[in-house]
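Have a look at the structure below, then the notes.
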Amino acid sequence: MTPKGDMAEWERLFARSRAVPAHAQRRHGEPEHSVPFRCVLKCLEGSVVMQRSPAELQLRLSLFDVAHRHFFGHTWHSSTRTPSSPPGQPPRVLFNEAVYFHTSLSYPSITAVVEVVAVTPTPEGLSRDVSCGFGLIPLFDSRREPSDLAAKGRALKLYHGTPRALLHPLLQDPLEKNKYMTVMESSHLQYSLKPHLPLEKVFHLLPENLLVSGLQKIPGLLPAQGDTGDAFLKPRLMGTAPCYLDQLCIRLHPSLKEFEEELLEQLSSDRLLKQDVGSTLCVQERRLHVGVHNGLRFVQPPQVAMLQPASEVAKGQSTSPTDSAAKQALLLRSRLQLSEMVAHPAFGVCFQLEYVICAMAKAAAGSALGPAAAMHTVRWALWSPFLGATSSPVLLPLRGGAHPSPGQTMVYRNPADSESSQEVKRIASGSVQFHVSSDAERRVTPADISSKAGKELEEPPTPSLSLRSQLHPATSTQGPGLSLSQLLASPQGRDGRVVPRSRSAPAPRSRSTQKDGHTEHTAAITHLEADLGSGSPHVDASSGGHLWVLPFAPLQPPITAVGLPAGSTALSRAMLMLLHSTGFPEILDGNKKPVRVTEPLEPACYSPQLEEVDALQSNEIILQFLALSRAPQEAMEGTWPRTVFITFQFYRFPPVTTPRLQLVDVDGERAAGSAAPAQVLLQLNKDGTPSTGAPGLQLRFAVDSTFLRPGEQRVFMHYLAEHSLQMDVWDGDSLLLVGSAAVKLKPLLRQGRPAVRTLHELEVGTTVYEQDAAAGRDVLRPLGVRVAVRGRLHLCLANIGHHCGETPVSPGCPSLPHTHIVPSPGSGHELTLHSDVRVSRPRRLAEVDPELAAILWRHQLEQIPERLCESHEATAIQQHEPQCLAVEQQQDGAICRIPQYMGSIEQHMKYLQIVSAYRERVKHRYITQVLRQAMTTTYTLYATLGTAEFFEFVLKNPYNVQQTVTVEVDHPELSVILDPREWRHFKELTHTATPLEEDMFHLRDDLKPQVYLRPEETVHIPFRYQTFSAEPVVAALLGPVGLSKEENAGRMQEESRAVQMKTIQVAFSVSEGKPIALLQVKVEPRPHVVDQTFRFYHPELTFLKKAIRLPPWHTLPGALVGIRGGEPEVHVRCSDPNVICETKNMGPGEPQDVFLKVAGGPSPQIKTFFVAIYTDPWLAKPQRIWQVYLHSLQRLDVSCTAGQLSRLAVPLRGTRTLRRVKAFCSHPHELKVDPADAFFLPSNGLVDLFVGVRPLRAGSRFFYLNLVDVECHQLVSSWLLCITCRQPLISKAFEITIPAGSGKGSNKRITYTNPYPTHRLYFLVTSRPDLLQFKEDSFQVAGEEVYTIGLRFAPSQSVGEEEILIYINDHEDKNEETFCVKVIYY
């Protein structure tokens, strides 16, 4: 039955709350957090009060976007007030009305416009409204922070005219300085504006950008307590009464089939009008959005339920409805829970019927392969359980047509009007029928809900839904889950356009997006990473069908940031003899004597005091790369490189890339007992031939007083004692990463000795990542990570001590600042400088001024052929001014040519007139320049990435009256320290003993700090400079010695250093902008220390999402989980603003991860950025700096069978020029390319590279393929092959026992029978070529004959078991049979 009464209260509120949406460009992207405001309009004073006397005055408040000249939201009207004039006071109007609103448009151009309106009655009994002026209240400052204008007696200046003039194009931002804005004299409005955090409690009841009065009643909000009547001052919510809807049924007129046919016909007609001809449309899904609406907005995001025709539901049941009308209904098979209902007449349940329409061909192929489907709202209905309904079920008519709807979308039209009765017209648009109950176990009437909610206004009831019912879908009271098309279909906007979505892009997470001035709930959108199955057991049952945000849990396990093992093994005597006989150059100490090789320093032997008292404070660090040997088990992983090069970064020196080094065998010798011979590193000439010089590569780093800052010696020693040097070894031909090695730098500590030298043998390993895959619902398969040892790097480390200034490789370098106090001229803190007597001679003006010399020279060239022309001096200057500027730019600092031709006295006088006129013109500029130089102080900073540089500027008031000084900085990386806690932190960090003041600064409206100075008072202004920009830093004269001469010559250029330096101007000005002091900060960037390097290989043009786990800071062994272990609060910053980098504290005692989200570029681009990790709240100095490399590769997905050859073609596109290229692969035993040799790639041409993939074991793996220019050694293209390999069916299994450690292999035989009646050719492949070899790799056998396969098993030095697969393939290399041999070594 239909409930009695109507929805007059809801209709009234809904019509009144309709608002103008924000500008279209403001609604793009995900909305930010909404900011609540409370604006109190107090009193209107001045001449504006008496202009329209005796009319009553009214205030109107609206929101305005200055940047787009767009009013939005809803205009608020105050009550009309009569002006009053107390004795002895100017006329005024008291309002004292509070306005509340919230907005997520946190832009500086968002303002509140206050309009003063005079309301005059007319003889007809109406009223006439006349605008008397308006004012502008900024809501956000330049930092997008909310304005806090709560100062007592805040006055708002008013402008003449009407605020509608703001829409005129001549009124540009800033409005306050526009010449068309005229201020009303002696008129203002007293007001206050500040954020009101208690309003966040009612965000779900109050739409965004809707301005309401404190006295206005909002459904769901209890009346105010006390005499204030302001319900928003301390808002209190009404209690909720949950209800349940089941047996929901929707009927459409005249029938479901006819309705849908008409709908598809109308949509097809629209497509034809848009010339969008395609396949036939069809209905893909039918959805029902059900939510609670309070007349202003949806209280919670509407639930989305899937409807099914009754005919489809009847197919799976034993009994089916016999009525034909019943078969045409849409049914909801599950129960809906509405836990946010409130006992208020304006609260109602809104039903929105939505159809998902797509092309029939797309629906047959699957919606994931085409563009997004279109969603159309066709009907809606509203029902309130608090209007006296006493029966169940409930029957409601559906609405349609061009009328406003709660979903703020266009609704499909109603049927054509007819002469039918009113009852027939009510159901002509369709109807919805359902049963309602207030408990999960029994069904009651809507009157019971109203009575129950009335008793529980203060305390929301606890739902009686059990946990078991939520976990079982068959009996669950929740709404059904989302379908696949809901994840792939984009919601249709109000303009009818469908938002396209890339097929590979994941859908955004479920959220409520602010759109068109209201809340548009897109609960049907979720991340593809989210699980769409049953909810978590920890989710409250009252959540119903909503999607709740779960704690972030990445599917990919984090990578532990512990780095590579930095331990080195001791070299054997045989290896030492081999390296000694090779003839590596000797390392000499300060006395030109060879340095003896010592054992690495034991951890307990390090003493910091010995390093501090060492007389040899200059250190010459030497890295000598000797040889590289291959690991024995690496034979099956890939080919060994012919040439290599090494990349690393030592301390804060620039990153080093060594030249290509060739691996040369030492006359075929090998150390006794070694598994593989060591190959000596030999430098190459420019033509690629081996050098005839000494073997190895030796690099020297000078760490002396010209490089280190004052007090940095202790930091450098701590770096040597605690850090490791990570080196990447690359294949010089294929440009593939061979592996990485790490060595502890502690052996470089001399501990009072004149020189130290140690030899190290380092493991070169590479981390192999398997593909991430889910093993099942709610179960994650562990990330396949293994470390493969590729070889061993032989390295020599040495440290030669020198006295200060005697380092042989130390070039001249400017001294670094030794103080954090910067004195200003006249402050009494000037440094005393001893100056010698200087003799200078007078020079002509043309010798010291290039501009004047150019004018005179130009004038002489014009006057040589003929007599001088009489002209005015200003004309001559104006004629030669362009040449002056050009000469000044080109000949700055050079000796300019002076005209030597002097003729008659008239000509000489002409020159003097030109000089006099020039002096008069430039006099003001030169005087200003000299005065600015007199008050300018220059300070040089040597900044590194992420480290905050602190200094104080001594500012003195030169006047004998008090002054308010404004500090203006023209660069965002330099700022004034305003927080006294931060100031105190930097003082303690830098040991600066200067006074500290609390509340020293005052911020102006434009956020420029001001400081009050008494007459001739001196204060210290604290500054901090910090940059996170990782621009290429050219550290002149600071690179390692030992690279090519061209590179060293490039480092000696001072111009490169000047290019890197930037200058920041700081002005200290008083009233009217007069400067009293100027500070010029010169910032010279220096390289920073890299603690760890990460390399990730990822498909191009996709997002890389990684979690890197931080190592425990102070966790004790055996500590319990969940117990706080004293770990500090961690903050992270990234050098690339386009990289999302953040960390979250997951609770006490929990590990902490750093999350990265990086957008990859096109292949073969390499993106490099740095991540700084801090443990102090002021981000003074990073504890660690990571360097992250993202290699973008073209992705190829290959699905194949183990042991079987799969072929594919890779298209190669040429560059602008002809290149000679060659393809290299990371796993040559499992990946073959054709052509295998070098070939020519035509310019802008297209060539196919044929690739054959034969994985030897099943699983998911990554292979790498590089296309390299063999002449220039440049990477042309790079591919990432994602291999998914299946294991073939094993037909036979064998078990063999072999003794371990015997040094001898074992020969075995197995038989194979040809199952075909004809002669066949077979090929043999094994999964472990290092353990098993065949007597013959191929064999021929007659039809149905038996062939014996000879096997040779390699010896093993360890006891264990190995499973070896033998693949028997036919002549097309397709797998015929697979044998499994289990080898037991005992």
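Although no hydrogens or angles enter the test, the distance criterion places no donor-acceptor pair under 3.5 Å between the side chain of Thr1297 and the main chain of Ile1384. At least one donor-acceptor pair under 3.5 Å links the side chain of Ser1327 to the backbone N or O of Leu1365. Here the side chain of Thr1348 pairs no donor or acceptor atom with the backbone of Thr1311 at under 3.5 angstrom. The closest donor-acceptor contact from the side chain of Asn1369 to the backbone of Gly1203 lies under 3.5 Å. Between the side chain of Asn1314 and the main chain of Glu1345, no donor-acceptor pair closer than 3.5 Å is present. Listed for the Thr1313 side chain is no donor-acceptor partner under 3.5 Å among the backbone atoms of Pro1315. Looking only at distances, no side-chain donor or acceptor of Gln624 sits under 3.5 Å from a matching main-chain atom of Cys796. Judged by distance alone, with hydrogens and angles left aside, the side-chain atoms of Asn1266 form a donor-acceptor pair with the main-chain N or O of Ser734 at under 3.5 Å. Of the possible donor and acceptor atoms, one in the side chain of Gln1204 sits under 3.5 Å from a partner among the backbone N and O of Asn1375. Using modelled atom types, no side-chain atom of Gln1152 and backbone atom of Leu1110 make a donor-acceptor pair closer than 3.5 Å.
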Before giving the answer on side-chain contact (heavy atoms from CB on, under 4.5 Å), spell out for Val1268 and Leu1275 the whole-Å C-alpha distance, their side-chain angles and the decisive distance to 0.1 Å. CA-CA 5 Å; Val1268 182; Leu1275 185 62; 4.2 Å; yes
For a side-chain contact (heavy atoms from CB on, under 4.5 Å) check, start with the C-alpha distance between Val756 and Thr758, then their side-chain angles and the critical distance, and finish with the verdict. CA-CA 7 Å; Val756 291; Thr758 55; 5.7 Å; no
Begin from the C-alpha positions of Thr1201 and Tyr1367 and carry the test side-chain contact (heavy atoms from CB on, under 4.5 Å) through to its verdict. CA-CA 11 Å; Thr1201 304; Tyr1367 307 106; over 6 Å; no
Would you please test Asp665 and Gln679 for side-chain hydrogen bond (donor to acceptor under 3.5 Å, both in side chains) and show each step? CA-CA 5 Å; Asp665 295 331; Gln679 294 178 301; 2.9 Å; yes
Should Arg1286 and Ser1199 be marked as a side-chain hydrogen bond (donor to acceptor under 3.5 Å, both in side chains) after you check the CA-CA gap, both sets of side-chain angles, and the distance that decides it? CA-CA 8 Å; Arg1286 302 177 301 272; Ser1199 180; 2.8 Å; yes
Between Thr1284 and Asp1197, does the side-chain contact (heavy atoms from CB on, under 4.5 Å) criterion hold? Intermediate values first, please. CA-CA 8 Å; Thr1284 302; Asp1197 293 302; over 6 Å; no
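Contact record, Gln649 with Leu725: O-CD1, 3.3 Å, taken as the closest heavy-atom pair. The two residues Cys1225 and Pro1228 come nearest to each other via the heavy atoms SG-CA, 3.7 Å. Closest of all the heavy-atom pairs between Phe645 and Gly732 is CD2-CA, 3.9 Å. Between Leu682 and Pro690, the shortest heavy-atom contact is CD2-CB, 3.7 Å. When all heavy atoms of Arg1257 and Glu1230 are compared, the pair lying nearest together is N-OE1, 4.5 Å. Smallest separation of non-hydrogen atoms from Arg790 and Trp640: O-CZ3, 3.2 Å.
In this structure, the separation between NE2 on His760 and CG on Leu626 is 10.5 Å, given to the nearest 0.5 Å. If you take NZ on Lys1222 and CG on Asp1237, they are separated by 6.0 Å, rounding to the nearest 0.5 Å. The distance from atom CG of Leu681 to atom OG1 of Thr658, rounded to the nearest 0.5 Å, is 8.5 Å. Here the straight-line distance linking atom CD1 of Ile646 with atom CG of Leu623 works out to 9.5 Å at 0.5 Å rounding. From Leu1281, atom CG reaches atom CG of Leu1196 across 5.0 Å, with rounding to the nearest 0.5 Å. Atom CG of Leu1267 is separated from atom CG of Leu735 by 10.5 Å, given to the nearest 0.5 angstrom.
Test Tyr1189, Phe1262, Tyr1264, Phe1263 against Tyr1097 for ring-ring contact (aromatic ring centres under 6.0 Å, His included) and you get one pass: Tyr1264.
Judged as a salt bridge (charged side-chain N to carboxylate O under 4.0 Å, His left out), the pairs with a partner in residues 1373-1386 (not counting sequence neighbours) are, in order, Arg1254-Asp1373, Glu1361-Lys1382, Glu1372-Lys1374.
The shortest distance between side-chain heavy atoms of Leu737 and Trp730 falls below 4.5 Å. Proximity of Val1381 to Phe1353: side-chain heavy atoms (C-beta onward) are separated by under 4.5 Å at one or more points. Under the 4.5 Å side-chain criterion, counting only non-hydrogen atoms from C-beta, Leu759 is not in contact with His794. Looking only at side-chain heavy atoms (C-beta outward), Leu628 and Leu793 come within less than 4.5 Å of each other. Counting heavy atoms from C-beta outward, Val1188 and Lys1106 have side chains that stay 4.5 Å or more apart. In this structure, Leu699 and Phe648 have side chains that are in contact, with non-hydrogen atoms separated by less than 4.5 Å. Two residues are said to be in side-chain contact when any heavy atoms from C-beta on lie closer than 4.5 Å; Ile1166 and Pro1164 fail this criterion. Residues Val680 and Leu663 fail the side-chain proximity criterion, which asks for heavy atoms closer than 4.5 Å.
Here Tyr1347 and Tyr1322 keep their ring centres 6.0 angstrom or further from each other.
Atom CD of Gln1333 is surrounded by 12 or fewer heavy atoms from other residues, nucleotides or ligands within 6.0 Å.
In terms of the salt bridge (charged side-chain N to carboxylate O under 4.0 Å, His left out) criterion, residue partners of Arg642 (sequence neighbours excluded) are, by chain and number, Asp733.
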